[in-house]
Protein chains: 2
Amino acid sequence: MKPKDTEAEILKAAEQEFMLRGFDGAKTASIARAAGVTHAMLHYYFRTKEQLFERILTDKMNLMGRSVLTAFGNPGLPLLERLKDGISRHFDFLVENPDLPRFIINEVFSRPERYEIMRKGVSRIIDKLMQNVQQELDSMAAQDEIVPVDVRMLMLDVVSLNIFPFITYPMIKPLLGDIAADRERFFEQRKAENIEVIMRRIKK
Amino acid sequence: MKPKDTEAEILKAAEQEFMLRGFDGAKTASIARAAGVTHAMLHYYFRTKEQLFERILTDKMNLMGRSVLTAFGNPGLPLLERLKDGISRHFDFLVENPDLPRFIINEVFSRPERYEIMRKGVSRIIDKLMQNVQQELDSMAAQDEIVPVDVRMLMLDVVSLNIFPFITYPMIKPLLGDIAADRERFFEQRKAENIEVIMRRIKK
DNA sequence: GTTTGTATTAACAAAATTGTTAGTCGATAT
DNA sequence: ATATCGACTAACAATTTTGTTAATACAAAC
């Protein structure tokens with residue numbers, strides 16, 4: 001008589017399994033085992049593997065989309081501070097969700113139509129945010145305080161620098177040696193580096 | 001009769017299928033169909049799906065590893081020119097192999113032990129290359145021509161900026177609108193942007 | 001011309017994976 | 001008390017996927 005409980009258990013297990021192995025690599029039996037129920041329950045609550053997956057993917061896409069907005073949508077600060085703060089907050093979000101980008105990138109790649117889910121949710125708001133920042137960039141550039149720059153290119157710089165170390169950490173760790181051995185310390189350094197790179201990109 | 005022929009056909013088909021769908025998503029029947037043979041042939045030549053996959057993965061990892069070396073291992077130029085040239089050549093390599101990084105990142109993530117294949121091949125040579133560049137960076141910094149910088153951080157900046165647009169193109173294309181609509185032109189702009197970012201990172 | 005060896009196929013086998021169903025159990029409402 | 005209803009299980013079914021094998025074809029070697 002505790003339906004919410006098992007349903008939540010399945011969702012939790014499915015999230016882990018799908019994030020770790022992707023849609024094709026995840027097995028319903030494995031999800032059921034991790035949730036501590038028979039795999040029939042999974043069909044009872046979600047009909048098919050596909051539907052269970054869509055549920056997880058939608059959640060994760062919304063999380064990913066909102067992360068950019070909440071990181072950079074911090075009004076009241078002067079532009080450069082707001083940028084620094086945004087990079088830092090976006091990076092911190094990735095520390096808490098290190099596997100999220102790789103998961104989404106893969107699932108969108110293997111079925112691009114899935115991206116519509118996300119685009120509809122955040123595209124408009126991001127457009128608005130970008131337009132605002134572009135205006136501020138332009139006015140600062142007009143006053144010779146920074147160099148002129150396209151906000152879309154700048155934001156792509158930011159997310160490239162922020163996300164890439166997380167999706168490649170298993171590979172770069174052995175390559176970089178001692179600098180990457182201590183994971184937490186390494187990511188602290190990367191955050192500082194990324195802010196430095198972006199500030200230098202736009203400062204006179 | 002013509003053994004090389006069918007074996008090569010299978011390898012070609014397997015490469016496409018594995019690169020597109022990954023190990024879990026790829027099906028041996030689909031590979032065989034694309035190669036124009038029965039799926040028994042695939043086992044005849046390679047015993048198992050796993051062994052066929054290892055063959056492809058090893059090739060791709062060597063390709064990926066060497067790409068960094070050949071791009072930046074261009075002696076005779078002054079450091080800044082060599083860096084620009086390296087970024088450009090590495091980027092051009094990605095234009096020719098846009099799906100390669102995503103494929104390798106995924107397969108290494110899902111089974112990190114696979115990374116040993118690559119590490120053994122290129123790790124030493126990359127270490128050497130990095131040490132050389134670090135020395136040049138240090139001597140230029142000592143003469144106040146550039147700011148001091150750790151080569152490992154700088155190279156991670158470079159590959160982050162270069163690779164990320166390729167692995168996320170299906171996602172960023174709808175987000176960036178007109179700027180990304182023309183794929184070729186977009187990547188031209190990105191290459192210029194990446195060189196600009198890195199130069200600004202180290203210049204006084 | 002027979003033997004030998006390799007390439008190939010069709011059919012089969014085994015395992016894994018997803019999905020279904022009939023029926024049980026227990027709480028709640030009537 | 002019993003009828004009802006949602007949660008649940010075990011067993012089964014269907015399909016997909018990987019791997020095997022016996023038989024065939026055919027060229028080259030002897």
Side-chain angles (χ1 to χ4, degrees), chain A residues 1-60 103 106-111 113-114 117, chain B residues 1-60 103 106-111 113-114 117:
Chain A
M1 227 320 162
K2 28 179 181 164
K4 284 285 169 181
D5 200 36
T6 44
E7 186 176 356
E9 286 296 318
I10 293 173
L11 279 172
K12 202 173 66 183
E15 179 184 316
Q16 283 197 33
E17 177 89 357
F18 281 132
M19 292 271 284
L20 198 63
R21 309 202 193 288
F23 180 79
D24 291 323
K27 305 299 162 196
T28 56
S30 171
I31 293 172
R33 204 179 324 121
V37 297
T38 64
H39 83 283
M41 289 316 295
L42 191 148
H43 295 288
Y44 177 73
Y45 281 106
F46 302 98
R47 298 263 328 140
T48 65
K49 179 187 177 183
E50 184 81 33
Q51 281 186 43
L52 175 56
F53 178 77
E54 294 291 337
R55 169 83 173 261
I56 303 290
L57 182 65
T58 305
D59 284 357
K60 292 298 174 185
F103 171 67
N106 272 320
E107 300 305 332
V108 169
F109 179 87
S110 67
R111 303 200 202 161
E113 68 274 15
R114 282 171 177 160
I117 299 168
Chain B
M1 257 284 257
K2 30 176 185 171
K4 284 284 167 179
D5 201 38
T6 43
E7 187 176 355
E9 286 297 316
I10 293 172
L11 278 171
K12 202 173 67 182
E15 179 183 317
Q16 283 196 35
E17 178 89 357
F18 282 133
M19 291 272 284
L20 199 64
R21 309 202 193 287
F23 180 80
D24 291 323
K27 304 300 161 196
T28 56
S30 171
I31 293 172
R33 204 180 321 120
V37 297
T38 64
H39 83 284
M41 290 314 295
L42 192 148
H43 294 287
Y44 178 72
Y45 281 107
F46 302 98
R47 298 273 320 150
T48 66
K49 178 187 179 186
E50 184 82 32
Q51 280 185 43
L52 176 56
F53 178 77
E54 295 289 338
R55 170 82 173 260
I56 303 290
L57 182 65
T58 305
D59 285 357
K60 292 298 175 187
F103 171 67
N106 271 321
E107 300 304 333
V108 169
F109 179 87
S110 66
R111 302 201 203 160
E113 67 276 14
R114 280 170 177 163
I117 299 169

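Reminder, nothing fancy here: chain letters follow the sequence lines and each chain counts from 1. The structure presented is a predicted model; accordingly, all values stated were derived computationally and were not measured. As a basis for the values below, the full set of heavy atoms in this structure was taken, side chains included, without hydrogen atoms, waters or symmetry mates.
Less than 4.0 Å separates DNA chain D from at least one heavy atom of each of the following residues of residues 17-38 of chain A: A:Thr38.
Regarding contacts with the backbone of D:dG19, a side-chain N or O of B:His43 is found under 4.0 angstrom from either OP1 or OP2.
Checking C:dA10, D:dT9, C:dG19 against the side-chain heavy atoms of A:Thr48 singles out C:dG19 as nearest. Residue A:Lys49 places its side chain closer to C:dT18 than to any other of D:dC8, C:dT9, C:dT18. Closest approach to the B:His39 side chain among D:dG19, C:dA7, D:dT21 is made by D:dG19 (side chain taken as heavy atoms from C-beta onward).
For B:Ala13, the side chain to side chain contact (heavy atoms under 4.5 Å, CB included) partners are B:Ile31, B:Ala34, B:Ala35, not counting sequence neighbours. For B:Glu113, the side chain to side chain contact (heavy atoms under 4.5 Å, CB included) partners two or more places apart in sequence, or in a different chain, are B:Arg111.
Counting only distance, with no hydrogens or angles, the side chain of A:Lys49 and the backbone of A:Phe23 share a donor-acceptor pair below 3.5 Å. A:Glu7 places no side-chain N or O within donor-acceptor distance of the main-chain N or O of A:Tyr45, the cut-off being under 3.5 Å.
Checked against the 6.0 Å centroid criterion, the rings of B:Phe18 and B:Phe103 do not qualify as a close aromatic pair.
Computed from coordinates, the A:Glu50 CD to D:dT15 C1' distance equals 16 Å when rounded to whole Å. For the pair A:Arg47 CZ and C:dG19 P, the interatomic distance rounds to 9 Å; values are reported in whole Å. Rounding to whole angstrom units, CE of residue B:Met41 and C1' of D:dT18 are separated by 16 Å. Per the geometry, OH belonging to B:Tyr44 stands 17 Å off P belonging to D:dT24, to the nearest Å.
Using a cutoff of 4.0 Å between basic side-chain nitrogens and carboxylate oxygens, B:Lys12 and B:Glu15 are not scored as salt-bridged.
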